[in-house]
Amino acid sequence: MTAPGLRDLAPEQALRRLELTIVRRLDGLLQGEHLGLLPGPGTEAAEGREYRPGDDVRAMDWNLTARTTVPHVRDRIADRELETWALVDATASMDFGTGRVEKRDLAVFAVAAVAFLTERTGNRFGAQILHGGGLRHVPARSGRAHLLGLLRSLLEAPRALPGAAGHPSLGTGAELMLRTAGRRRGLAVVVSDFLEPVESWERGLRALGHRHQLLAVEVVDPRELSLPDVGLLSVVDPESGRRRDISTANPRLRRRYAEAAAGQRARIGAPLRGAGAAHLRLRTDRDWIRDIVGHVLAQRRAATAAPGPGPGPGPGSGGGTA
């Protein structure tokens, strides 16, 4: 079960259906466990233990080491109360979808999944929404009513006309979120197709990843990866408004398109990894909940297998795509 057609329902009905879909299916697939999308250590000191090869030397407990004459490290207790911020791309390129849903809808689903999961433990959730009318700031608060209001804002975000200028860039949104998220380490979730030039957002995401645990949700449509053989096809760039007719019957053109698309995705993935982000790719033609579950389980396995916290902006970062 997916959640297509939400925009055909009244906002309250759409949100209830979305919440029910997420809670029921994720509980069933993950057995109701506490869902750490980016598992890792918290800030509260736990018990000391003997040092093992591979442990982060920054976790060395020098007092305990001196008393026992054996190297010891001190683990951390994972934080349960967390402040989560989402930067959500609702610009013109997200108003596209040839699968089960539009990319814009899939972005709402991804934010809803993170929001409902973190809301269970009383965490605060805020958002920056980039859309055709500019940028909307939703302060971080806790509670179900607040989350439903935030998701309703996402559903009702105005669409941009193709070629319309003046919408804020993803990098601008990342820099603003860095200022509003405060200095306390939390979870930053960036949901976008990342089709803007990499240089416009790479620096902002790197700064976010340095201060917070970072989850990058890349939203993709299958037609952005390959072209079907459907004869003459008229395509429009939603950001610039430019239109072009192409013949998809040409196998050489289809091959070059697929190669260019693969190169584009590689150029997106590399700076996301460089920012220390856990990278989750969702597609409009796939079961998005199963992809989220696959990502969560992969992050848990990686965190369990890791011998220690390791260097960098946060454990669980740099995970593979789902």
Side-chain angles (χ1 to χ4, degrees), residues 2-8 87-110 129-133 154 157-173 190-202 205 216-273 279-288 291 320-322:
T2 57
L6 290 185
R7 297 182 189 276
D8 298 328
L87 174 60
V88 190
D89 184 353
T91 57
S93 66
M94 298 290 285
D95 297 336
F96 177 73
T98 63
R100 304 178 183 186
V101 293
E102 287 186 339
K103 291 194 293 181
R104 170 187 283 246
D105 294 320
L106 195 52
V108 177
F109 301 162
I129 306 170
L130 305 176
H131 56 76
L154 285 173
R159 293 175 181 262
L161 295 175
H167 68 75
S169 70
L170 193 63
T172 300
V190 181
V191 187
S192 175
D193 53 14
F194 296 98
L195 293 183
E196 292 181 21
V198 169
E199 57 270 18
S200 72
W201 52 260
E202 181 178 10
L205 262 66
V217 182
E218 181 188 4
V219 181
V220 181
D221 187 85
R223 293 289 75 82
E224 295 170 333
L225 305 176
S226 63
L227 285 177
D229 183 357
V230 291
L232 189 65
L233 183 66
S234 182
V235 295
V236 180
D237 182 343
E239 298 288 354
S240 67
R242 289 180 295 181
R243 181 182 298 270
R244 183 177 179 181
D245 294 330
I246 60 175
S247 174
T248 61
N250 185 332
R252 183 168 176 268
L253 181 144
R254 296 198 307 273
R255 183 176 65 254
R256 289 175 58 194
Y257 182 94
E259 291 172 351
Q264 180 187 53
R265 295 300 157 183
R267 289 191 296 273
I268 291 171
L272 292 179
R273 291 190 297 274
H279 185 188
L280 167 61
R281 180 175 293 163
L282 299 180
R283 292 176 46 139
T284 61
D285 62 339
R286 288 174 54 98
D287 185 336
W288 56 277
D291 285 342
T321 58

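Just so you know, these numbers use all the heavy atoms, side chains as well, and skip hydrogens, waters and symmetry mates. Worth saying up front: this structure is predicted, and the values here are computed from it rather than measured.
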Spacing of Y257 atom OH and N250 atom CG [to the nearest 0.5 Å]: 14.5 Å
Donor-acceptor under 3.5 Å (T91 side chain, H131 main chain): no
CG on L227 to CZ on R256, rounded to 0.5 Å: 12.0 Å
Where R223 and P228 come nearest, the two heavy atoms and their spacing: NE-CD, 3.2 Å
Main-chain N/O of D221 paired with T284 side-chain donor or acceptor, under 3.5 Å: no
Passing option when I129 is tested against D89, L87, L154 for side chain to side chain contact (heavy atoms under 4.5 Å, CB included): L154
For the student: nearest non-hydrogen atoms of S192 and L170, plus distance: OG-CD2, 3.8 Å
Close side-chain approach of V191 and F109, heavy atoms under 4.5 Å: no
Check: D291 side chain, L282 main-chain N or O, donor-acceptor pair, under 3.5 Å: no
Backbone N/O of S93 and side chain of K103: donor-acceptor pair under 3.5 Å: yes
P271 side chain near E199 side chain, heavy-atom distance below 4.5 Å: no
Minimal non-hydrogen separation, L130 against S169, with atom names: CD1-O, 3.7 Å
Polar side-chain atom of R283 near backbone of P222 as donor-acceptor pair, under 3.5 Å: no
M94 side, atom CE; R159 side, atom CZ - distance, nearest 0.5 Å: 11.0 Å
Under 3.5 Å donor-acceptor, R104 side chain and A90 backbone: yes
Atom pair CG (D287) and CZ (R100), whose distance is rounded to the nearest 0.5 Å: 6.0 Å
Criterion side chain to side chain contact (heavy atoms under 4.5 Å, CB included) on W201 and L272, from CA distance to verdict: CA-CA 10 Å; W201 52 260; L272 292 179; 3.8 Å; yes
Gap separating the CZ atom of R265 from the CZ atom of R281, nearest 0.5 angstrom: 6.5 Å
Heavy-atom pair with the smallest gap, counting every atom of Q264 and L195: NE2-CD2, 3.6 Å
Which atom of A216 lies closest to which atom of F194, heavy atoms considered: CB-CZ, 4.1 Å
CD on E218 to CG on L280, rounded to 0.5 Å: 9.5 Å
Considering all heavy atoms, the nearest R254-T248 contact: NH1-O, 2.6 Å
